[in-house]
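We count ligands from 1, going down the list as the structure has it; atoms in each ligand are counted the same way.
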Amino acid sequence: MAGNRAEGIRWDLSDLFASHDDPRIEATLRECRARAESFGAKLRGKISRINPKELLEGTKELEEIEDSLSRIASYSSLLYSADSSKPEYQDLEQRVEQRVTEVRNLLLFFELEWLELDEETAQRSMRDPTLKGYAHYLKSLRRFRPHKLSEAEEKIVNEKDNTGRNAFGRLFSEITSTLTFSLEREGKSEELTLSEILALLHEPDRELRKNAMQTLYQGLSAHGQTLAFIYDTLVQDHLTMDRLRSYPNPMVERHLVNEIDGEAVGKMMEVTEANYGIAHDYFQLKASLLELPRLALYDQYAPVGKELTPFAFAQAQEVILGALEAFSPIFRQTASEFFAKRWIDAEIRKGKRGGAFCASPSPKLHPYILCNYTDNLRDVMTVAHELGHGLHGSLSRKQSFFNYDTPLTTAETASVFGEMLVFDYLVERQTDPRVQVALIAGKLEDALATVFRQNVLTRFEEAVFSKRRAGRLTPEAVGELWMSSNKPYYGSAVEMPDGYRWGWSYIPHFIHSRFYCYSYVFGQLLVLALYRMYREQGKSFVPKYLALLEAGGSDSPEALLKPLGVDIHDPKFWQTGFEELRALVARLQGLVEAAAGAVR
Ligand SMILES: [Zn+2]
């Protein structure tokens, strides 16, 4: 049966709680509250005079309360994700959210008092050997300290943001989520949503793709004035807040969130630009596969080669475990548990949320995976991706709760690496070169869109912030900056239609989380480079990689990567990732040449 080839694959959440009305949920909530109250009674107002041993005890107590809260919150959200139609799950989700917030409010003083501490005293505490296991946690709490305003000011900012920047964000979401596009197709007009029209760019019919793209930009231009106004307002708001919070440039706040320094990011971006030629080579190769003299923008995602035959879930499991085993038996063993112990919910059901995720509620437990498995290659890769997160969450269980999670820049390492392993394994087992062509082209397009395009997006934002200093941004000005930021990437290899000047206007990252996009570049390039190291070093790479996953979020990405010989400040390291991309293009080229007749 196509469409639901994972029937019966449901998760078993009983390791968390027995059911939505399990009395242990209420009991745990009460216990957390009681513990939080006595925590407050003991430590409130005393953090400035606390000794390292007491600070350690306090941190551990806080961690245990947070760990319990995370399990309850995860349970209610997992139940709800798996079936949002049940009112009792909705009730639980709301009740838990409210109660967890109440407890967290009781705990908040600890962090605030820790932040108020002068630098010297805080440093002395963090250097104390007693606190070794929490030095990273305590230090990273303090990273925003120099940019905090007074409590009264922060309160005003928070309240005014609701009717200020957050309101503009909501307006953007409202406009873009209700956008419809009238597509003329075979004499008839169809109303399509944004995601439906974007999906048409993957169709084999060139005229349809061209038509879809024109319709997309026409539709966006109708809202261009408003979308540009929203963006202009938010950029100015950021610039104002950056001034008030003494951030030296618009990217610094994001670097702090990512626990990365700007210099390393700058080098990574420069190396990326020096490698745009790899994209141009690929675009030319794709043009020849499509028998075109040159690609137009709407040809970028046109299918080539032959699609892989659909997979049932059991087959996907076999392929994924096989690929993981080839890397390390520990990987296979750890991943097998997810299937055997029912930590995955894969079947498609009414009321279940879309997409896929992996949740790691607590290091004392194990992660859970949700996906909506149909039967195509995308879905196999999605399971591989989420299982990669799952492996990370399982292998880092020796870390305590505060050292468990990783920042954004490295959060996708294990998942994308897992995809690489499965991808390679799949390609090697194909006998039809046309299928291999489709697989490699798909992988390359993903990687190019992640590495190069996200770099373009980041450069665009830099240009926007720099131009805004001189005055208001008109839709024309934003469009110009967009086109000029894209030009080096597409070069003469891809023709950009004039309507593309509206290409920036529906991208939510620019509105909701500025400079988010370079984390994608970082994550993908890091994995490509690590994968190249694995190929070059073979088995000796495996234990180092396992150690990286086991370390969880116990230190900054830079420090955790050092034992693997990775220096994120070294342009040569970033170049390694591009060598892997270049090798993929060459592999595709070889296949195309070898199978010249068969490929089309
Ligand atoms: Zn992911």
Side-chain angles (χ1 to χ4, degrees), residues 6 11 70 74 77-78 81-82 195 254 257-260 316-317 319-320 323-324 327 331 334-335 338-339 343-346 352-363 366-374 376-397 399 404-424 426 442-443 445-451 453-454 457 507-509 512-513 516-531 545 548-553 557 560-561 577:
W11 58 27
S70 163
S74 299
S77 95
L78 291 175
S81 319
S195 59
R254 177 64 56 193
V257 174
N258 287 341
E259 294 187 47
I260 214 87
Q317 171 179 346
V319 166
I320 291 169
L324 296 179
F327 181 76
F331 261 32
T334 313
F338 282 78
F339 296 98
W343 299 341
I344 305 179
D345 198 299
K352 180 174 165 179
R353 63 154 272 185
F357 66 81
C358 173
S360 302
S362 156
H366 54 79
Y368 283 100
I369 288 170
L370 177 142
C371 61
N372 286 273
Y373 190 85
T374 55
N376 55 32
L377 176 69
R378 276 244 132 246
D379 294 332
V380 180
M381 285 303 171
T382 301
V383 180
H385 180 104
E386 300 309 336
L387 258 180
H389 283 305
L391 287 169
H392 203 170
S394 288
L395 291 168
S396 57
R397 282 178 55 193
Q399 300 298 333
Y404 192 44
D405 279 341
T406 47
L408 198 66
T409 29
T410 43
E412 295 297 331
T413 310
S415 53
V416 181
F417 197 89
E419 279 187 64
M420 286 298 283
L421 290 172
V422 173
F423 163 77
D424 252 355
L426 260 181
K443 186 85 208 163
E445 281 164 22
D446 262 7
L448 298 186
T450 311
V451 175
R453 187 158 181 276
Q454 300 295 337
L457 265 51
I507 298 177
H509 300 77
H512 301 302
S513 33
Y516 191 97
C517 297
Y518 81 73
S519 314
Y520 293 124
V521 185
F522 190 102
Q524 174 78 56
L525 264 186
L526 174 64
V527 168
L528 285 167
L530 290 177
Y531 203 71
Y545 182 69
L548 172 70
L549 298 194
E550 284 167 2
L560 292 179
L561 286 164

Could you pull out all donor-acceptor pairs under 3.5 Å where a side-chain atom in residues 413-421 meets a protein atom, sequence neighbours excluded?
from : atom 1 : to   : atom 2 : distance (Å)
T413 : OG1    : T410 : O      : 2.8
S415 : OG     : H389 : NE2    : 3.4
S415 : OG     : E412 : O      : 2.9
S415 : OG     : E412 : OE1    : 2.7
E419 : OE2    : H385 : ND1    : 2.7

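Computed with the Zn ion (ligand 1) at the centre, the H385 NE2 to H389 NE2 angle is 100°, stated to 10 degrees.
Atom CG of L395 and atom OG1 of T334 lie 5.0 Å apart (nearest 0.5 Å). One distance of note links OH of Y516 with CG of L408; it measures 4.0 Å at 0.5 Å rounding.
For the side-chain hydrogen bond (donor to acceptor under 3.5 Å, both in side chains) test, no residue two or more places apart in sequence or in another chain qualifies with N372.
Residue C358: no N/O/S atom is found under 2.8 Å from the Zn ion (ligand 1). Inclusion of E412 in the first shell of the Zn ion (ligand 1) is supported: an N, O or S atom falls under 2.8 Å.
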